[in-house]
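Quick caveat: nothing in here was measured; it's all calculated off a predicted structure. Keep in mind that the numbers below use all heavy atoms, side chains included, and drop hydrogens, waters and symmetry copies.
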Amino acid sequence: MKFFDLGLDEPGLKAELEAAARRVIDSGWMILGPELEAFETEFAAFCGVDHAIGVGNGLDALILTLRAAGIGAGDEVIVPSHTFAATWLAVEAVGARPVPVEPDPATFTLDPAGVEAAVTPKTRAVIPVSLYGHPVDMDPILATAQRHGLFVLEDAAQSHGALYRGRPTGSLAHATAFSFYPTKNLGALGDAGAVTTSDPEIAAKLRMLRNYGSREKYRHEAAGVNSRLDEIQAAFLRARLARLPAANEARRARCAQYGQALAGANGLTTPVEAEWARHVYHLYVVRSPERDALQARLDTQGIGTLIHYPIACHLQPAFAHLGFRRGDFPLAEALADEVLSLPLWPQMSPDDVAAVAAAVRA
Ligand SMILES: *Cc1c(COP(=O)(O)O)cnc(C)c1O
């Protein structure tokens, strides 16, 4: 069984995507046009904020927002020790220093007490990540940020549609970075990303930075970049956004089934949903001290699994210059050794979930 399917065979979807592509082709407008404007309006409404700014990908969404917030050389930015490397790469890209904080052991998301303890006079920002689709416990992090004057940038690349105390990701922090990489809960048919915010200044700076640092054609006020969300991807995303709530519901149903079928399985830890959270299960991640043996056994049965992520960020060659060593972040290291993502996509059948769960239990 495969690990993931893009779900493009869902009834009616291909016709909608083809119609979206035809609309763009017939319009002759490919960049910064009406489809992007419409998607930005629709996605801002979905997240409950004033502004969405489309950019080229999720990493650029993080980098450009840090730049828009004025974060750079000499600054410290608090990041999760357990996350996808892009969160740390964004901090490096603006010349700031990533300061890792260990996760809450139950939800695998940033521990608010750890954030408070990691603040120094150089700290300027914190990037909580709603990892695997579970929202971060944001209120205590915002309280710490307010006490110390920090900018909070949520990385919601894995949590489109998740709720925290009834509020959607995208509206929780000063700004939120999203990726629409094809496998994300809301995926384009190529690279794309966006930032959501209700801060008009951050929004205006992002629009300038993504377009060569220019608000006015051929006048450049900052060393911006070219990182825009194409019209054709925006048109595809509008079709998929309309289907996102149902897709997230389907993920939740499949994961509830996994949870029941795997309850009490020997040595296995299954995902939790905090009482204040609505998890959207970008991934269904179990934890096992026998992870490698389990993965190998499932592989011999033709069941695809992946590891998110096998090397903790502080041990990645790209971050060797930060001087961290094995043992510095034991929880992140244990998770790198023990997590396993089981097959999951919204159209996966209950029979397939049952078959995977039986194979895991065996
Ligand atoms: C996917 C992802 C990113 C990067 O998004 P891209 O669009 O691939 O650049 C950043 N952070 C997290 C947590 C992600 O999962």
Side-chain angles (χ1 to χ4, degrees), residues 1-5 80-84 102-111 114 129-137 158-159 162 183 185 248-315 326-362:
M1 186 177 318
K2 57 192 161 189
F3 173 72
F4 178 74
D5 185 286
S81 59
H82 179 61
T83 182
F84 179 54
E102 291 267 68
D104 171 86
T107 64
F108 305 154
T109 63
L110 199 54
D111 173 26
V129 182
S130 291
L131 199 69
Y132 304 151
H134 192 291
V136 188
D137 188 5
Q158 303 190 358
S159 65
T183 64
N185 289 43
N248 280 342
E249 274 310 318
R251 285 177 187 272
R252 287 176 57 80
R254 298 295 95 78
C255 292
Q257 188 190 344
Y258 263 138
Q260 277 165 9
L262 293 173
N266 210 0
L268 201 75
T269 309
T270 54
V272 299
E273 181 179 52
E275 27 94 17
W276 39 260
R278 183 176 184 276
H279 196 325
V280 290
Y281 294 98
H282 173 57
L283 296 165
Y284 189 83
V285 179
V286 299
R287 187 174 170 187
S288 162
E290 313 286 327
R291 191 268 314 277
D292 291 342
L294 174 61
Q295 183 176 39
R297 188 160 55 71
L298 293 173
D299 185 58
T300 63
Q301 296 171 50
I303 295 173
T305 58
L306 288 174
I307 295 167
H308 299 94
Y309 299 89
I311 304 172
C313 287
H314 68 283
L315 301 176
R326 188 165 289 282
D328 283 349
F329 299 99
L331 194 44
E333 291 168 28
L335 291 174
D337 290 341
E338 297 181 6
V339 292
L340 187 67
S341 305
L342 301 183
L344 177 69
W345 65 96
Q347 299 78 18
M348 186 179 182
S349 74
D351 286 351
D352 283 348
V353 174
V356 173
V360 170
R361 283 199 87 106

Spatial distance of atom NZ (Lys2) from atom CE (Met348) [nearest 0.5 Å]: 10.0 Å
Side chain of Arg287, backbone of Val339: donor and acceptor closer than 3.5 Å? no
d(Leu342 CG, Leu298 CG) to nearest 0.5 Å is 7.0 Å
Less than 4.5 Å apart, any side-chain heavy atom of Gln295 and any of Leu306? no
Distance in Å, Leu294 CG paired with Ile303 CD1, rounded so as to fall on 0.5 Å steps: 9.5 Å
Does His314 reach the side chain of Glu333, with side-chain heavy atoms less than 4.5 Å apart? yes
Got a sec, which pairs hit side chain to side chain donor-acceptor pair (under 3.5 Å) with one end in residues 250-264, sequence neighbours left out? Arg252-Glu273
Do Leu262 and Leu268 have side chains that get closer than 4.5 Å, going by heavy atoms? yes
To the nearest 0.5 Å, what is the distance between CZ on Phe3 and CG on Leu283? 5.5 Å
Answer yes or no: is there a side-chain heavy-atom contact under 4.5 Å between Pro103 and Thr109? no
Inter-residue atom distance Thr107.OG1 - Tyr132.OH, 0.5 Å rounding: 10.5 Å
Steps toward side chain to side chain contact (heavy atoms under 4.5 Å, CB included) verdict (Thr269, Val286): CA-CA 6 Å; Thr269 309; Val286 299; over 6 Å; no
Do Asn185 side-chain atoms and Gly133 backbone N/O form a donor-acceptor pair below 3.5 Å? no
Nearest 0.5 Å, what's the CG-CZ distance between Asn266 and Arg361? 9.0 Å
Side-chain heavy atoms of Ser341 within contact of Tyr284, under 4.5 Å: no
Do Phe329 and Leu335 have side chains that approach each other closer than 4.5 Å (heavy atoms only, starting at C-beta)? no
Pairwise side-chain contact, Val353 with Pro350, heavy-atom cut-off 4.5 Å (strictly under): no
Can any side-chain N or O of Arg297 pair as donor or acceptor with the backbone N or O of Ala359 at less than 3.5 Å? yes
Give me each pair satisfying ring pair (Phe, Tyr, Trp, His ring centres under 6.0 Å) with a member in residues 260-279, each pair once, sequence neighbours excluded. His134-Trp276, His134-His279, Tyr164-Trp276, His279-Tyr281
What's the verdict on side chain to side chain contact (heavy atoms under 4.5 Å, CB included) for Glu290 and Asp292, showing C-alpha distance, side-chain angles and the deciding distance? CA-CA 6 Å; Glu290 313 286 327; Asp292 291 342; over 6 Å; no
Please check this pair: side chain of Glu102 against backbone of Leu331, looking for a donor-acceptor N/O pair closer than 3.5 Å. yes
Side chains of Cys255 and Leu344: does their closest heavy-atom pair fall under 4.5 Å? yes
